[in-house]
Participant: 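Once you've had a glance at the structure underneath, I'll fire off some questions.
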Amino acid sequence: MQIDTYSNKVLTKEVTKSYTDFQTADTSNSITLTSFTDDQVIIGLDVEVVDGFGGIQNTENLLTVGDGFTNFVKNQNVSNIRNIFGYEKIDFKTNPFLVRSTAWSKGADLNYPRSSLAGAGSQTAGLSISGWNSSEALYYVEEYNGATWNSAPTLSAGRYHVGACGTQSSALCVGGYTTARIDITQEYNGTSWSSGGNLINARFGAPATGTQTAGLIIGGYTTAASRLCEEYDGASWSVGGSLIAHKYYGSGFGTQTASAAFGGYDNNGIITNITEEYNGASWSSANGINSYSAGSGAAGSLSAGLSFGGRDNDNNSYTNTETYDGTDWSISYPLNQARRFLGGCGTQSEALSCGGGHAGGIVYSSTEEFSTASYSSNFNITGTIVSDGLRSWSMGPDYIRYDIILNHGCGVRNAGLCAAGYDSTVADRITGCYEYNGTSWTGANHLSQKRSAHASGGSQSAAFVAGGWTGSITLSSCEEYNGSTWSAGGALNTAVDALAGCGTQNAGLSIHGGSNLCEEYNGTSWSVINDMSSTGYYKAASGSRDAALSFGDDNVRTSCESYNGNNWSIENDLIIGRDQAAGCGTQNASLCSGGSLGSSNLSEDVEEFDGINWSVSKDMNIFRSASGSGFGTQTDALVVGGHDGTRFTGSSEEYSIEIPERPSWAVVASLNTSRRRLAGCGTQDAGLSFGGHTGSPSNVTEEYNGSSWTASGTLSVARRYLGGCGTQSAGLSFGGYDGATTRVTTEEYNGATWSGGGNLGTARSGVPGAGTQSAGLAVSGSDPSAPVATCEEYNGASWSAGGSVNTARQNLAACGTQSSALCFGGQDTGLIIGSAEEYDGATWSVGGSMQHLLTTQAGCGTQSAALSMGGYTAKIMPICEAYNGSAWETIVDLNVARYELGGCGTQSAALNFGGSDNTYVGVTEIYDNPATTNLNNLSKGSLNFKFKYIDYSGS
């Protein structure tokens with residue numbers, strides 16, 4: 001059988017960092033792990049994105065090492081990793097790092113793919129000798145220098161299943177097979193092959209150990225599986241000590257006087273795990289290798305040996321690797337590619353594997369290098385997180401002046417102000433002013449001076465506009481708005497248009513167009529400040545007077561500059577150069593929307609600035625430039641007006657981030673009587689629980705009103721493992737076990753009391769139900785001796801046979817209606833199963849399999865929107881899964897892990913109650929799957945970095 005070399009040893013070290021830790025890519029916010037030991041091999045890194053409600057939104061693999069035939073990381077710089085998750089976009093960088101490499105890594109491929117070859121030498125000076133390419137015996141020899149294979153002088157004739165030993169410059173090739181067994185020996189001096197002394201007994205499938213002048217050939221196939229061994233002195237072969245057990249296609253390592261032989265076929269053609277040790281005279285039994293293997297590669301010495309690959313008795317190829325310390329075998333890191341009859345050489349700590357094959361004549365050119373060298377496992381991860389997946393632009397109400405451009409605005413999204421601009425319907429600049437309340441636009445008192453392409457800043461109740469163009473005159477005048485009327489403010493020192501502005505009415509900033517001049521406003525007068533670098537027109541701006549950002553210009557530049565209240569500094573560029581874009585937000589959280597790309601090309605592109613870099617965000621719905629009016633924050637903004645490429649427009653768009661509230665289970669009032677193995681029906685606000693087990697079968701019935709449970713009429717027959725369906729005022733119970741007998745009993749509930757109904761045709765327990773009191777369905781379950789496939793349909797008076805399930809099972813869950821039902825989970829005579837089946841009122845068909853094998857769980861919902869709650873699979877589980885009509889998805893866990901519980905309701909509004917956590921419990925939980933809400937605060941969430949590793953320390 002295949003030995004699982006690592007799955008039971010995969011462990012995880014986890015580090016959690018909050019969103020706020022990653023708001024800047026600062027090394028002080030990086031993750032550093034220093035606690036890996038030489039026996040702990042990193043094999044991967046996953047990151048879980050956790051939202052502000054503690055729910056895992058997604059898990060993404062950032063790094064896989066030793067996966068498939070991927071080169072194990074030894075000196076790899078993983079940089080600029082970008083992963084777009086369901087709700088988050090994350091940019092990560094890691095510094096160059098080294099990890100311990102007790103593992104196989106990919107080397108250069110052989111020039112000639114082949115199996116049944118032999119190896120000699122070391123990892124950096126190796127030989128691959130002869131082989132089989134699925135059609136003929138080969139005489140090819142290749143030399144390995146640690147990086148590439150190069151052709152070397154060939155053998156005198158093609159052969160395969162040879163034995164080989166020695167070094168790259170002093171090797172021995174002996175025996176093998178072509179159309180018959182071979183006794184030939186050839187010696188290699190690093191330049192050419194020459195004949196050596198012939199074997200006493202021709203053989204193939206025999207490993208060789210030792211050196212060119214002190215060699216040993218072990219067993220093999222002569223006329224059958226052989227025990228015979230021969231020793232070579234550099235000239236001739238002599239009889240050595242015989243093996244205890246017959247073997248061929250075995251493997252070996254060591255010297256002529258200290259070797260180990262292991263695995264291979266015995267004289268009955270059975271693969272064994274027998275290990276024997278040779279002392280130069282005789283063989284003795286040793287502890288067997290864990291893998292029953294033949295055709296394995298081998299390297300090392302008697303006290304430090306290595307076995308890798310091979311095949312088992314079921315014709316499976318191995319990836320298994322094991323180390324030998326002279327006494328015991330231990331599982332080590334597996335090959336990346338399963339192979340048999342491969343070549344091997346080197347030492348236990350620096351081995352080489354090459355070629356090999358698989359069933360069906362498949363041959364490989366693969367090379368892998370094994371290393372146990374220790375490397376530093378320390379590395380840092382830094383990154384920046386922004387919300388991404390649910391960022392969206394939605395169309396807002398049209399501006400009152402429908403055909404408008406360069407209508408600069410200020411404020412926040414739900415309290416904004418737009419003033420003046422160019423109106424194409426009158427072909428002139430206007431004095432109009434309009435307020436936005438988050439829903440609609442309202443006209444306000446006009447400015448004194450018509451203008452467009454001006455600077456603006458402030459809020460809806462305290463704004464300023466300055467400079468601009470009247471159509472004939474460039475302005476220096478400034479006006480201030482108090483939420484009602486406009487009045488004159490201090491004039492700019494320089495008349496200018498094509499400006500950008502930001503800040504407040506008493507602390508404003510004007511960024512001049514066509515020059516690098518800038519001015520500050522103190523609420524009374526403007527003063528010239530230090531120049532910026534850009535001299536373009538139509539820059540966009542955001543932020544405050546003392547912490548501003550300017551980006552883009554009419555030369556379609558990507559340039560970006562920041563202002564600190566004294567000087568301008570160059571920042572990282574926009575990703576896309578543009579002019580006449582709309583800007584808003586703060587210096588460290590800016591939004592750049594739309595603009596012109598030159599040559600009449602407009603942009604719908606949106607970028608976000610995080611204080612260091614710009615990143616691409618969600619596109620607007622409309623291409624637009626010269627909107628001039630963008631206001632709000634980076635996460636809650638509005639853009640209005642502009643030119644869409646064909647006409648002037650007054651359309652507006654709102655930008656927001658929507659993150660779904662995490663679905664959750666909430667613990668509510670407990671049952672009055674704690675019990676397990678009960679049934680239920682109804683809804684989340686009108687539920688019914690009945691029957692069960694409290695140490696003996698129970699007849700208790702309780703009603704739930706959305707806040708508490710109340711005892712109601714009891715069942716006529718106390719039962720456990722019964723089925724149920726219907727509503728709180730029209731329930732149905734059937735089957736079950738009364739402590740002595742499996743029942744056919746059916747009872748109907750009218751909202752107060754239970755009365756007898758028609759008996760089931762087949763007595764059963766562990767049976768779930770679906771449907772209503774007058775159209776019910778009893779699904780599968782167990783008669784007194786075994787699970788039954790039988791299903792029955794109830795018409796309000798009697799039961800009749802329905803379609804049988806494909807897999808008979810008991811303690812399963814079901815939901816839906818009599819003509820559209822779903823059953824899932826449960827167990828047959830011994831095994832827990834995860835399959836689901838769908839019913840159309842006549843026949844059952846196979847549905848999507850569950851993510852987990854579960855039994856005694858609760859179920860609710862419909863055939864296309866079902867919910868599985870809790871259950872048992874080797875242990876009591878809190879797991880919940882949702883079904884969409886074709887596939888199951890694991891969702892948020894219950895607060896209290898339970899099995900043998902009851903449930904009812906819908907997939908989005910479920911109720912579960914009672915059950916067992918190894919005691920009788922009355923726990924009740926309700927499921928809430930809320931609608932999307934608008935949340936702009938991302939600081940609550942976190943990232944869980946999970947480093948997966950294998951521990952070979954034995955601990």
Participant: Between Ser798 and Gly758 (side chain of the first, backbone of the second, donor and acceptor by atom type, cut-off under 3.5 Å), is there such a pair?
Facilitator: no
Participant: For Ala763 versus Pro784, what's the shortest heavy-atom pair and its separation?
Facilitator: O-CD, 4.4 Å
Participant: Ignoring hydrogens, what is the shortest heavy-atom contact between Glu793 and Leu777? Give both atom names and the distance.
Facilitator: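 Taking every non-hydrogen atom into account, CG-CD1, 3.7 Å.
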Participant: Which residue pairs pass the salt bridge (Lys or Arg N to Asp or Glu O under 4.0 Å) test with at least one member in residues 756-769, sequence neighbours excluded?
Facilitator: Arg764-Glu792
Participant: Do you know the tightest heavy-atom contact between Gly724 and Ala679?
Facilitator: N-CB, 4.1 Å
Participant: Is the backbone N or O of Gly903 less than 3.5 Å from a side-chain atom of Asn912, with the two atoms forming a donor-acceptor pair by type?
Facilitator: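 Flag not set: sc Asn912 to bb Gly903 has no pair under 3.5 Å.
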Participant: Could you pull out all residues at least two apart from Glu838 that satisfy side-chain contact (heavy atoms from CB on, under 4.5 Å)?
Facilitator: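 Partners of Glu838 under the side-chain contact (heavy atoms from CB on, under 4.5 Å) test: Leu822, Ser845, Gln863, Tyr883.
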Participant: Kindly indicate whether the side chain of Phe824, heavy atoms from C-beta on, has any atom under 4.5 Å from the side chain of Cys815.
Facilitator: yes
Participant: Donor-acceptor pair, distance only, cut-off 3.5 Å: does the side chain of Thr319 make one with the backbone of Ala338?
Facilitator: no
Participant: So which pairs with a foot in residues 806-821 pass salt bridge (Lys or Arg N to Asp or Glu O under 4.0 Å), sequence neighbours left out?
Facilitator: Arg809-Glu837
Participant: Residues in side-chain contact (heavy atoms from CB on, under 4.5 Å) with Thr856, at least two apart?
Facilitator: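 Per chain and number, Thr856 pairs via side-chain contact (heavy atoms from CB on, under 4.5 Å) with Asn811, Tyr872, Tyr899, Glu900.
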Participant: Treating Glu925 as the side-chain partner and Val896 as the backbone partner, does any N or O pair qualify as donor plus acceptor under 3.5 Å?
Facilitator: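 Such a contact is found between Glu925 side chain and Val896 backbone.
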Participant: Counting only N and O atoms by type, is there a donor-acceptor contact under 3.5 Å from the side chain of Asp828 to the main-chain atoms of Pro787?
Facilitator: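 Side chain of Asp828 to backbone of Pro787, a donor-acceptor pair under 3.5 Å: no, none is there.
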Participant: Looking at side-chain heavy atoms only, is the closest gap between Tyr749 and Ser712 below 4.5 Å?
Facilitator: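 Tyr749 reaches Ser712 side chain to side chain.
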Participant: Please check if the side chain of Glu748 supplies one atom and the backbone of Leu732 the other of a donor-acceptor pair under 3.5 Å.
Facilitator: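 Checked: no pair found.
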Participant: Listing request: all salt bridge (Lys or Arg N to Asp or Glu O under 4.0 Å) pairs with a residue in residues 878-888, at least two apart in sequence or in separate chains.
Facilitator: none
Participant: Taking only distance into account, with no hydrogens and no angle test, what donor-acceptor pairs under 3.5 Å do side-chain atoms of residues 686-699 form with protein atoms, sequence neighbours excluded?
Facilitator:
residue, atom, partner, partner atom, Å
Ser689, OG, Arg675, NH2, 3.0
His693, ND1, Arg720, NH1, 3.0
Ser698, OG, Val700, N, 3.1

Participant: Without swapping roles, check the side chain of Ser849 against the backbone of Gly834 for a donor-acceptor pair under 3.5 Å.
Facilitator: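 Looks like no, no N/O pair under 3.5 Å.
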Participant: Check side-chain contact (heavy atoms from CB on, under 4.5 Å) between Thr919 and all other residues, then give those that pass, not counting sequence neighbours.
Facilitator: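 Testing Thr919 for side-chain contact (heavy atoms from CB on, under 4.5 Å), a comparison that skips the adjacent residues, returns Asp917, Val921.
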Participant: How far apart are the closest heavy atoms of Thr714 and Trp754, and which atoms are they?
Facilitator: O-CD1, 3.3 Å
Participant: Is Tyr927 close to Val892 at the side-chain level, that is, under 4.5 Å between some pair of heavy atoms?
Facilitator: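 Val892 vs Tyr927: side chains touch.
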Participant: May I ask you to test the Asp312-Ser291 pair for a side-chain heavy-atom distance under 4.5 Å?
Facilitator: no
Participant: Specify the closest pair of heavy atoms between Thr924 and Leu671, including all atoms of both residues, with the distance to one decimal.
Facilitator: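 Between these two residues, the closest heavy atoms are OG1-N, 3.8 Å.
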Participant: Test: ring pair (Phe, Tyr, Trp, His ring centres under 6.0 Å). Region: residues 755-813. Which pairs qualify, not counting sequence neighbours?
Facilitator: Phe734-Trp799, Tyr794-Trp799
Participant: Show every side-chain hydrogen bond (donor to acceptor under 3.5 Å, both in side chains) that has at least one partner inside residues 768-784, sequence neighbours left out.
Facilitator: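 Sorted pair list: Ser782-Gln810, Asp783-Ser785.
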Participant: For the residue pair Gln857 and His852, establish whether any side-chain heavy-atom pair is separated by less than 4.5 Å.
Facilitator: no
Participant: So do Leu812 and Thr855 actually touch side chain to side chain, heavy atoms under 4.5 Å?
Facilitator: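 SC-SC contact between Thr855 and Leu812 ruled out.
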Participant: Compare every heavy atom of Leu854 with every heavy atom of Thr873, then report the nearest pair and how far apart it is.
Facilitator: CG2-CD2, 3.8 Å
Participant: Is there a side chain to side chain contact (heavy atoms under 4.5 Å, CB included) between Ile879 and Asp893? Walk through the geometry before answering.
Facilitator: CA-CA 5 Å; Ile879 288 172; Asp893 287 350; 4.3 Å; yes
Participant: Judged by atom type as modelled, is there a donor-acceptor pair below 3.5 Å linking the side chain of Asn273 to the main-chain atoms of Asn290?
Facilitator: no
Participant: List the steps and the verdict of side chain to side chain contact (heavy atoms under 4.5 Å, CB included) for Val923 and Leu894.
Facilitator: CA-CA 11 Å; Val923 174; Leu894 297 174; over 6 Å; no
Participant: Ring pair (Phe, Tyr, Trp, His ring centres under 6.0 Å): which pairs involve residues 700-720, sequence neighbours left out?
Facilitator: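 Every ring pair (Phe, Tyr, Trp, His ring centres under 6.0 Å) pair that includes a residue of residues 700-720, provided the two are not neighbours, is Tyr704-Trp709, Trp709-Phe913.
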Participant: Using a 4.5 Å cut-off on heavy atoms from C-beta on, say whether the side chain of Tyr839 contacts that of Val779.
Facilitator: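 No. Closest side-chain heavy atoms not under 4.5 Å.
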Participant: Do Asn884 and Glu889 have side chains that get closer than 4.5 Å, going by heavy atoms?
Facilitator: no
Participant: Mind checking what makes salt bridge (Lys or Arg N to Asp or Glu O under 4.0 Å) contact with Arg311, not counting sequence neighbours?
Facilitator: none
Participant: Can you list everything that forms a side-chain contact (heavy atoms from CB on, under 4.5 Å) with Thr745? Sequence neighbours excluded, please.
Facilitator: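 Once residues adjacent in sequence are excluded, the partners of Thr745 under the side-chain contact (heavy atoms from CB on, under 4.5 Å) criterion are Val717, Arg719, Arg743, Glu747.
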